[in-house]
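Report on the following structure.
Quantities reported herein were computed from a predicted structural model and do not represent experimental measurements. All values below come from the heavy atoms of this structure, side chains included, with hydrogens, waters and symmetry mates left out.
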Amino acid sequence: MNKPATAPKRILVIDVGGSNIKLMRAGAEDRVKFVSGPNFTPRQLMAGIRKHAPDWHYDAVSLGLPTPIVRERPARDPNNLGRGWVKFDYDEAFGKPVKIINDAAMQALGSYEGGRMLFIGLGTGLGSAMILDDVLLPLELGELSYSPSRSFEDMLGREGRKRLGQKKWEQALDDIVSILRLAFVTDYIIIGGGNARKLDHLPRGTRLGDNRNAFLGGLRLWGIGGRRVDSKTHTLVIR
């Protein structure tokens, strides 16, 4: 489907997580949340939108998915959701233009204040993205090895928190943030995602994010909120 030449005024922003789906519209204060889960499919997403927001009208959609996005398409099914996300026809299902972005990248885009920013999203899994002088680079840092048997996501995701307990989970976050700060030479690091608010303390040199920034990121994809994004390539260039 062709994208509109000018920024649409009514945008539906969808933040898809492994535990919940969150919806917001541009220019409206009301938000909607409903449950997802490990067997959740794109058809269930559409059914949930029809059920929980039946009267919402919109001109375009920003869709944040917890999986790598390549050329504006999911590269694989999300680790913490069901099947069918790769081949699903989003434009046809919504009947509106759709821009798809990694969910952590969408929240990073809404959190960005300039310079070299690394975003770490603590949720069901581990989201990550970096914005380097206005260029957004979605990352998959959760795939990196923390130990011979554990990845970064194993340590910092929801199951890692349950397994380790609060103190060891936060220590693992401190360790990983220290590594990433040196590796990426960051100006600042944002800790976001649904579990960020469960931290008793923030690692040195980090700031607490706000999940509402995912919605600002979704608006920025369409040129609302102070920045316009060109999504023709693997990266998104903020102008």
Side-chain angles (χ1 to χ4, degrees), residues 1-4 8 10-25 32-54 56-110 119 121 123-129 136-143 151 153 157-159 193-194 214-215 217-222 229-237:
M1 180 177 291
N2 292 329
K3 309 301 184 187
R10 298 181 300 180
I11 300 168
L12 172 64
V13 181
I14 307 170
D15 185 6
V16 177
S19 300
N20 295 288
I21 309 297
K22 287 159 281 189
L23 311 176
M24 189 201 79
R25 292 177 296 167
V32 167
K33 182 168 75 171
F34 57 93
V35 174
S36 57
N39 298 312
F40 193 80
T41 68
R43 294 189 184 280
Q44 289 175 296
L45 171 65
M46 300 307 302
I49 294 171
R50 289 191 295 269
K51 176 181 178 180
H52 296 281
W56 284 21
H57 299 287
Y58 49 90
D59 305 310
V61 178
S62 291
L63 178 61
L65 295 178
T67 192
I69 306 300
V70 178
R71 298 180 180 90
E72 301 186 75
R73 298 290 306 177
R76 62 174 185 254
D77 285 325
N79 292 338
N80 299 302
L81 296 174
R83 302 286 185 177
W85 298 88
V86 175
K87 295 184 178 180
F88 190 75
D89 191 332
Y90 298 93
D91 282 335
E92 180 179 1
F94 284 101
K96 307 289 182 181
V98 181
K99 290 190 177 184
I100 304 175
I101 186 174
N102 172 265
D103 64 331
M106 188 164 73
Q107 190 172 153
L109 181 59
F119 175 85
T124 306
L126 178 67
S128 55
L136 174 58
L137 303 171
L139 303 172
E140 290 295 321
L141 298 179
E143 302 294 336
S151 67
E153 181 163 295
R158 180 180 61 189
E159 293 304 314
F215 296 114
L219 300 182
R220 284 178 169 179
L221 282 175
W222 290 99
V229 180
D230 179 358
S231 57
K232 293 182 179 179
T233 63
H234 292 270
T235 60
L236 304 178
V237 181

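- Nearest heavy-atom pair across Glu140 and Pro68 is OE2-CG, 3.5 Å.
- Inter-residue side-chain proximity for His52 and Ile21 is flagged as unmet; no heavy-atom pair is nearer than 4.5 Å.
- Proximity of a side-chain donor or acceptor of Asp91 to a complementary backbone N or O of Val98 within less than 3.5 Å is detected.
- Using a 4.5 Å heavy-atom threshold, the side chains of Thr67 and Ile69 count as touching.
- The main-chain N or O of Leu109 is found under 3.5 Å from a side-chain atom of Arg220 such that the two form a donor-acceptor pair.
- Atom CG in Leu221 sits 10.0 Å away from atom CG in Leu63 (nearest 0.5 Å).
- Put simply, the side chain of Arg73 gets close to the backbone of Val86: a donor and an acceptor are under 3.5 Å apart.
- Residue-environment remark: CZ (Arg43) stays at or below the threshold of 12 foreign heavy atoms within 6.0 Å.
- Side chains of Leu45 and Phe88 form no contact here, defined as non-hydrogen atoms less than 4.5 Å apart.
- Within the 4.5 Å cutoff, side-chain heavy atoms of Val35 are placed close to those of Asn20.
- Rounding to the nearest 0.5 angstrom, the gap separating the CE atom in Met106 from the CZ atom in Phe119 is 10.0 Å.
- Ring orientation note: the planes of Tyr58 and Phe94 are nearly perpendicular, at an angle over 60° on the 30°/60° scale.
- Distance check, rounded to the nearest 0.5 Å: CD of Gln44 to NZ of Lys51 gives 11.5 Å.
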- Message: Checking Trp56 against Val32 for the side-chain contact (heavy atoms from CB on, under 4.5 Å) test, could you report, in this order, the C-alpha distance in whole Å, the side-chain angles of both residues, the deciding distance, and whether it holds?
- Response: CA-CA 11 Å; Trp56 284 21; Val32 167; 3.6 Å; yes
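- Of all the heavy atoms in Pro138 and Ala129, the pair that sits closest is CA-CB, 4.2 Å.
- Atom CG of Leu136 sits about 5.5 Å away from atom CD1 of Ile101, to the nearest 0.5 Å.
- Minimum heavy-atom separation, Pro42 to Gly84: CG-O, 3.5 Å.
- In this structure, Glu153 and Asn79 have side chains that are in contact, with non-hydrogen atoms separated by less than 4.5 Å.
- At a threshold of 4.5 Å between non-hydrogen side-chain atoms, the residues Asp15 and Met24 do not count as touching.
- A distance-only check finds a donor-acceptor pair linking the side chain of Asp77 to the backbone of Trp85 [under 3.5 Å].
- The environment of CZ in Arg83 is sparse: at most 12 heavy-atom neighbours from other residues, nucleotides or ligands sit within 6.0 Å.
- The shortest side-chain heavy-atom distance between Ile14 and Leu23 falls under the 4.5 Å cut-off.
- Here Thr124 contributes atom OG1 and Glu159 contributes atom CD; the two are 9.0 Å apart, rounded to the nearest 0.5 Å.
- Within the 4.5 Å cutoff, the side chain of Val16 has no heavy atoms near those of the Asp103 side chain.
- Smallest separation of non-hydrogen atoms from Pro74 and Leu65: CG-CD1, 3.7 Å.
- Rounding to the nearest 0.5 Å places OG1 of Thr41 at 11.0 Å from CE of Met46.
- The shortest heavy-atom contact between Leu81 and Gly18 is CD2-CA, 4.0 Å.
- Between the side chain of Gln107 and the main chain of Ala104, no donor-acceptor pair closer than 3.5 Å is present.
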